[in-house]
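Have a look at the structure below before the remarks.
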Amino acid sequence: MTRVLVTGGTGFIGHHLVAMLAAQGRQVRVLDLRPPGRALPDVQYFEGSVLDPDVVDDALDGVEQVYHLAGLPGMWTPRKDDFQTVNCGGTQVVIAAARKRGVARFLHCSTESILFHPSPSKGAVAENSALSADDMPGPYTRSKLLAEKLAAQAAASGFPVVIGCPTMPIGSHDHNLTPPAAMLQHFLGERLQLYLDFIVNFVDVRDAAAGLVLAMQHGQVGHRYILGGESIALKKVLQLMAAISGRRSLLIPVSGRASRMTTALMEFVADHVTGRPPSGTVEGVRIALRARALSIEKAQRELGYTPRPVEPALRETIAFLLGATRRPEGFGPGQINSGQSSAYSTVSPELPG
């Protein structure tokens with residue numbers, strides 16, 4: 001029976017991944033900073049940080065496969081260096097410990113938000129997109145790109161690493177309200193909706209988890225796989241939400257310039273006055289303005305990845321959100337989890353993007 005470690009396994013994607021692996025007969029171990037909201041039977045939970053080499057080494061004892069999902073999501077922290085510390089430093093610690101332990105297979109969870117070029121491009125974005133740290137729109141994406149490069153370097157040196165890039169996971173039972181769900185919840189509650197139209201790619205969280213398993217099983221070492229669903233304009237998403245929920249709203253598009261100005265002010269207030277996460281960030285706006293349709297053809301061809309249509313998952317998400325009372329919480333520097341959601345997840349709910 002294969003023993004598997006999932007770092008960040010109590011997050012939204014992580015919980016579904018752990019449940020899927022356990023159902024397949026794997027011996028699953030989870031390493032996360034926080035205990036699970038719903039502990040799964042026959043799953044072993046380790047409470048600790050991927051920044052602690054001793055804890056990571058202990059969690060790897062007897063492990064054959066590692067799914068590395070843990071990271072610092074969102075695009076704002078009081079200390080901007082936290083992104084680099086957690087996303088790069090944590091990846092470095094886990095890879096080093098896994099190599100030392102002789103792990104047979106390693107899946108690094110990245111994000112599609114590092115794939116978009118700063119200049120407009122035609123056609124769907126695929127896995128062969130190659131950008132530098134200087135091309136990234138902000139500290140979050142820079143840290144995610146550099147973390148992915150560490151994984152790619154390990155693969156190039158002979159360590160069996162595969163890279164998976166889930167897009168924006170949605171679905172029911174998102175009890176911590178990951179940023180995509182928080183964005184959708186905001187729009188459900190607003191009659192006047194100011195929005196920056198851009199291309200989003202939602203994926204059913206169950207398909208994202210299944211894609212990670214397929215990448216672990218069938219992915220080529222050193223290769224990257226986009227694990228997404230449908231690429232769709234935010235305006236169409238809002239129209240679908242209105243039709244599904246029965247809540248009609250007035251949609252008012254705003255420009256990228258207005259969004260940048262607004263989020264810059266929000267970040268300034270967060271950084272220098274409140275110390276609390278802003279509703280939106282400049283980095284989120286920049287990513288939204290770069291966003292293009294994403295191709296999942298490689299994952300379909302090489303992995304047998306078959307995501308379901310986005311509308312049923314959107315219906316489940318809306319039904320859950322309409323019944324939920326908990327408001328979204330910001331991610332602080334101490335909250336390292338598996339919410340490797342797209343960078344779109346932190347677009348401003350008031351001025352998306």
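Computed over heavy atoms, backbone and side chain alike; hydrogens, waters and symmetry mates excluded. Computed from a predicted structure; not experimentally measured.
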If only atom types and distance count, is the side chain of [X] paired as donor or acceptor with the main-chain N or O of [Y] below 3.5 Å?
X: Arg247; Y: Leu188; result: yes
X: Glu267; Y: Val282; result: yes
X: Thr7; Y: Ala70; result: yes
X: Asn87; Y: Lys144; result: no

hydrophobic_cluster_shared for [Y] and [X], side chain cutoff 4.5 Å:
X: Met266; Y: Val273; result: no
X: Ile318; Y: Leu240; result: yes
X: Val50; Y: Leu150; result: no
X: Val63; Y: Val93; result: yes
X: Met241; Y: Leu322; result: yes

Sidechain N-carboxylate O distance under 4.0 Å for [X], [Y]:
X: Glu64; Y: Arg26; result: no
X: Glu311; Y: Arg315; result: yes
X: Arg101; Y: Asp57; result: yes
X: Asp204; Y: Arg308; result: yes
X: Asp81; Y: Arg79; result: no

Starting at [atom1] of [X], measure out to [atom2] of [Y] and round the result to the nearest 0.5 Å.
X: Leu251; Y: Tyr195; atom1: CG; atom2: OH; result: 5.5 Å
X: Leu69; Y: Ile13; atom1: CG; atom2: CD1; result: 6.5 Å
X: Arg292; Y: Phe116; atom1: CZ; atom2: CZ; result: 8.5 Å
X: Arg286; Y: Met75; atom1: CZ; atom2: CE; result: 11.0 Å
X: Arg29; Y: Asp61; atom1: CZ; atom2: CG; result: 6.0 Å
X: Leu196; Y: Arg257; atom1: CG; atom2: CZ; result: 14.5 Å

Distance only, no hydrogens: is a donor on one side chain within 3.5 Å (strictly under) of an acceptor on the other, for [X] and [Y]?
X: Tyr225; Y: Glu302; answer: yes
X: Glu148; Y: Ser110; answer: yes
X: Ser132; Y: Asp135; answer: yes
X: Gln300; Y: Thr306; answer: no
X: His15; Y: Arg38; answer: yes

Contact between [X] and [Y] at the side-chain level, heavy atoms closer than 4.5 Å - yes or no?
X: Ile114; Y: Met136; value: yes
X: Leu40; Y: Tyr45; value: yes
X: Thr10; Y: Val30; value: yes

Step by step, work out the side chain to side chain contact (heavy atoms under 4.5 Å, CB included) result for Leu146 and Gln84.
CA-CA 8 Å; Leu146 293 174; Gln84 183 76 12; 3.6 Å; yes

Is the number of heavy atoms from other residues, nucleotides or ligands within 6.0 Å of NZ (Lys235) greater than 12?
no

Applying side-chain contact (heavy atoms from CB on, under 4.5 Å) between Pro307 and each of Asp207, Thr167, Leu227, report the one that passes.
Asp207

